[in-house]
Structures are given as structure tokens and as C-alpha cells.
Amino acid sequence: MMKRILTLLVTLMLAGPALAQNGPLRLTITDGVIEPITFAVPSFQAETFEAQQAALDISRLVAQNLAGTGLFREVPAAAFISQISSFAQPVAFADWRAINAQALIVGAVNVSGNQLTVKFRLYDVFSGQELGEGLQFAGTVAGWRRMGHKVSDAVYSRITGEGGFFDSRVVFVSESGPKDNRQKRLAIMDYDGANVQFLTDSSSIVLAPRFSPSGDRVLYTSFESGFPRINVLNVANVGRQQLQTAPGEMAFSPRFSRDGRQVIYSLSNGGNTDIFRTDLATGQHMQLTTAPSIETAPSLSPDGSQIVFESDRSGTQQLYIMSANGGEARRISFGDGRYGTPVWSPRGDLVAFTKQNAGRFHIGVMRTDGSEERLLTSSFLDEGPTWSPNGRVIMFSRETQGAGGTSSMFSVDISGRNLKALPLQGGASDPSWGPLQP
Amino acid sequence: MTLFKKAAVVLLMLATTACTNPDRFGGNGGADGAGAGLGANGALAGSANDPASPLFFNQTIGDRVLFAVDTSTITPEGQTILNGQAQWLLANADYRAVIEGHADEQGTREYNLALGQRRANAVREYLVSRGVPSQRLQVTSFGKERPVQVCSNESCYSQNRRAVTVLSFSAITS
């Protein structure tokens, strides 16, 4: 006990505001080194016989989600002194303090037919208080993972004070076949790689899908006609249609506006690539850049007022910001090498990008004025960052080199910690992280 | 000369796989970006010795030009090949062409698509400057999606940074 308090004090002195456990349980996520919060998740109570498996699975998923962030560390069940035998029973806090669990998550699952409900309580063990009120989520038995993700999001939010990201999906390109005849098809998965479903077949090349802000549609580039064109796909029924862009030989690199009503994209004509915007309802087009150089990979700021994009107008690929209606652009990247694929963070304070320098590729972030550039990864070929809904994690593609090179997707914290490969069968690239589901 | 041999080998490889890829002109020939198919009837018609045959165009003249890193400038070697392509296209007025631009893998996806377009367009502009009517030429880009060589060093990259003139047979009605 004494040792634990000492450890905590030392941690507090070293990490400053990173771990503030004076008073309520609270983890403030900073870029400093942090000591993970310890938590215990006894198996959730099964309120009906049919709920036994789901209760076990959901509690394991919650533990996996939290530990997977690197911000939390699980106290294994083998260390438990007391067991939880009912959701309503008073918690013996001393038993959980003794095993150094700072947070305790107690839950119960009920299954009736194909309906599943899960409820949980989160306890701050050292203050002996419940953190927030008990919550209940209802869904289907088949959708048990979503219920586990919702519990995880609530726990994450209560402890960090920030939005979660577990109950979200990622649209990406599933890859198979050799490098010179790679087959690509759109697919969608849960944030953790579970529940992969295909959205298109592989009869023509598809590239760089982008979720709409509400997650109902996906924009992507298709070679169905032999010429790159932008398609809009309805996620629910996988119906798709070509976007009527301004006239041009190639259209690609699309993204939705934050209200989902407009699309910004690149159009190529006569060797020149510029950025355009098309209103989906009126079909009106607006040209936003006019330079004779390559302008591509546009991404809107969260308030919709500005666009960050890449251009080689200086001679090499660099990042620029302009008004959402076009006009003069200011360059924000000035480091060594080339910068591409900028993506504005959901909080608005950072831009994630791909950097190429000295034969290596990096995923990095910088402030929107170009300051405080930090590289998070390094490999033969990393590219195409996408933000988690809460702006804490970035997912991207990594291609390995050589004749047998394959692509897979990774995630990394914006602190640069917790680099992880997504556990998928086969190749995968071009992730686009969707919103938290309703 | 070795370039032509390599191109011929690639052509043969592609001819065997072409049937798995629907052609942009509606279902025959074409190698989905690898740039060796013939849109007209799906076969490599004629003989390499027949100056009016597409095979002569692809193999004897050369259907592709190569580029230096991150450039779209036509090299002197490229000009020689394109002069031959222009002559052939002028002599065989029933053929059209799609010029497919490609990039090596050292670049981001979007930029490489735009770079490939720049390369294809440079070829089109050169052919037009040699008298080929622009309405017979279309350009597209596959960026880094369809390399012909798969190693990760310059010996492969130099073959992948290319613009390929893909013929299709169709009488122009205008």
C-alpha cells in the first residue's frame, strides 16, 4: 500500500498534469509519458441463462478495448480478492484497492429472444465513489460487439473527459494478388478489424474511400470506365452512382464537406490537376485552385471555412491552406522532404500528413500554422492517415518493399505511442475512419 | 534493344491475363492499365513485321516511353519512339489510342495519379505536335496502381515510370 502511494506520488511529480488522481479518477491525455490507469473488469453478470456467453464476451471486449489504447492496464482476474456476484451488491472497495485497481467496471447482461441489454457501473476505487451514473444499452444479440464498444466508450469518456472511438467503423480497400495485378475492393470493418464486409467486387480498381461525416455514404475513386471517376456509395444498401463532377479527364481524391452536402475533389485536364467543389443537391461546380501545378488531396477544417491540400507549385509536394472558396493559399510545411495527403483533425488544431524524406515515409502531425511538426512513424512506405472520431488515434496504410510487398493497416496514438497492426486477413490499405455510431 | 525484349515478354504475360480484366471499351482486350491490350478484338493482330499491324506498333516502334523521377519531360529516346508512334497513327487512321500514365511506388497515391496524368498528357501533346489529331487520343492515369516490374529498386522503378500508348480500332465518324 505504502509502495503504491509512493509510486503514485513519483508518477505525479514526473508526469505533472498527466495523471491527476487527486480527487476523482481522471486521466488527462497529454503528450507526456503517462502511467496507465489500472482497471478491473470482473465478468459481467448473466441475468438470464442465454446471456452467459454474451456476458463473458462483452466484458472481455471492454477490457480489450481499454487496454488496447495503451492508456489503461488491466488487473487480471487471477488477482481478484472479492468476486462480484450481483450488479446491485455494494462494492468492497478495500478488496479492489488491495490489488491496485484504480477503476472497477461492473456489468450485467440480459438476453431475451434476439434482444440484448447490457448495463454497467464504473467505480473510482480509491475514492470509493461511483463515477457517473449506471448506464444501459440495448441492441441485438448479433450486435453484441457494439454493446461492448458502447460500454467502453462510456468508460473511456468518463475517465479521460474526451469522446470515445470504439463504436465506430472504418471503410478501406481490401487487397489481394501480386503487386503487378493487385485486386482491390471496398470493405468496411469495426474499428478493431472485426466484422469485415465487402462493399464492391474487385472487377476494377478502387481507391481511397472516404466516409461521409454521418457515416451513411462513402466516396471513392473507381476505374470502372478505365478513367478515374468518383463514385458515391450508400453504405446501407451498397447502391452506387457516379458523381457528376465538373468536366475533366480524371476525377479523384474526393472528400465530403462536414454537412455531407458538397464534395471537394481533384480534377485533371491536360496534365494539370486542380481542386473543385460540387454541390450534390444543385449539381453546381466551383473551381477552387487555378495553378498550373498539381493540387490534390483536399481536406476541410471542422468548421468548414478552410481547406488544407497538397501542391507541387514550389517544385515539390508541400502542404497549403486556403479559404474553402479558394483564393490565395499559404504554405504550412517547410521541413525537409515532401509532404502529402493532409487531413484536418476533428478538433481542428492539427493536420496529419504523409512525409517522404531520404527514402523513408512517415506519418506525422503538425499544427495548422505548420509549427510543432512531429513524425509518428517511419517505414519503407507509410501513407494516407485518417483520424479517430475523437482525434486521439491515427490509422494509416503501410506497404512492405520488394516483389512480395503487401499492404496492411496500422494505428498509432498522436503521441507516437501504441503502434499496432490491424488484425485482418489479407492486404488492406486506404482506411477512412467513420464517426461514432448513434 | 533490351527494352523491346522486355516489353515483348510483358506483352505475352499480359495477353494471357487480359481476359480477367474487363476492358474500358466494353469487354474485350485491354489489360486494365498494364497498357498492352488492343481494344478492338482482344488479340494481338498482325505480325511484328507488318508495318500496319498493332503488333508492329507495340513491339517494333515501342508502345511506351519512360520518365525520370518525378518528371514528365519526354527524353530524346522517348522522342524517337513517339516520332514512330505518330507516323504509325497517321498512316493507320482507323486507330485511336488511350495514353496511360504510370508512376513508380515512391509517392503518395493521389500525387502519383496526377503525375501519371501529366506524363500521359506530355505524350499526347508530343503526338499532336507531330500531326496526330487530338480527338484520336485520350489520356488516363493509373498512378502507382499497375507496376510492370515489382522489385523495390531503381531497376524496376525506371520501367514503371512510363506512359503507354494503347491502341484501339475504331473508325472515326465525324
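Here is the naming used below: chain letters follow the sequence lines, and residue numbers restart at 1 for every chain.
Neither the backbone nor the side chain of Ser266(A) comes within less than 4.5 Å of any heavy atom of chain B. Interface residue Ile294(A): backbone and side-chain heavy atoms are both found under 4.5 Å from chain B. Both the backbone and the side chain of Gln401(A) have a heavy atom closer than 4.5 Å to some heavy atom of chain B. Thr296(A) touches chain B through its side chain: at least one heavy atom from C-beta onward sits under 4.5 Å away, while N, CA, C and O do not. Heavy atoms of Asp312(A) lying under 4.5 Å from chain B belong exclusively to its side chain. For chain A, the nearby parts of Ser141(B) are the backbone and the side chain; heavy atoms of each come within less than 4.5 Å. With a 4.5 angstrom heavy-atom cutoff, Asn160(B) does not touch chain A via any of its atoms.
Taking non-hydrogen atoms and a 4.5 Å limit, the residue list of residues 118-128 of chain B in contact with chain A, ordered by number, reads Arg118(B), Asn121(B), Arg124(B).
Of the listed residues (Glu399(A), Lys184(A), Gln356(A), Glu383(A)), the one with the most heavy-atom contacts under 4.5 Å to chain B is Glu383(A). Chosen from Thr316(A), Thr221(A), Leu207(A), Asn272(A), the residue pairing most often with chain B at heavy-atom distances under 4.5 Å is Leu207(A). Between chain B and the options Asp430(A), Leu381(A), Asn269(A), Thr354(A), the largest number of non-hydrogen pairs under 4.5 Å is found for Asp430(A).
Under a 4.0 Å N-O distance rule, the pair Lys179(A)/Glu145(B) does not qualify as a salt bridge. Remark: Arg161(B) engages Glu154(B) in a salt bridge, criterion side-chain N to carboxylate O under 4.0 Å. Residues Arg229(A) and Glu249(A) are not paired through a salt bridge, judged by the lack of any N-O separation under 4.0 Å between the basic side chain and the carboxylate. A salt bridge is absent between Asp201(A) and Arg185(A): the closest approach of a Lys/Arg side-chain nitrogen to an acidic carboxylate oxygen does not fall below 4.0 angstrom. With respect to the salt-bridge test (charged N to carboxylate O, under 4.0 angstrom), the residues Arg64(B) and Glu100(B) do not qualify. Glu110(B) has a carboxylate O that lies under 4.0 Å from a charged side-chain N of Arg210(A), or vice versa, which qualifies the two as a salt bridge. The pair Lys355(A)-Glu373(A) meets the salt-bridge criterion, with a side-chain N (NZ, NE, NH1 or NH2) lying under 4.0 Å from an Asp/Glu carboxylate O. Between Arg182(A) and Glu175(A) there is a salt bridge, since at least one side-chain N of the basic residue sits less than 4.0 Å from a carboxylate O of the acidic one.
Phe361(A) does not carry Arg398(A) over the face of its six-membered ring by the limits of under 6.0 Å from the centre and within 45° of the normal.
For Thr278(A), the side-chain contact (heavy atoms from CB on, under 4.5 Å) partners are Tyr265(A), His285(A), not counting sequence neighbours.
Partner Glu295(A) forms a side chain to side chain contact (heavy atoms under 4.5 Å, CB included) with one of Thr289(A), Leu288(A), Leu267(A) and no other, that one being Thr289(A).
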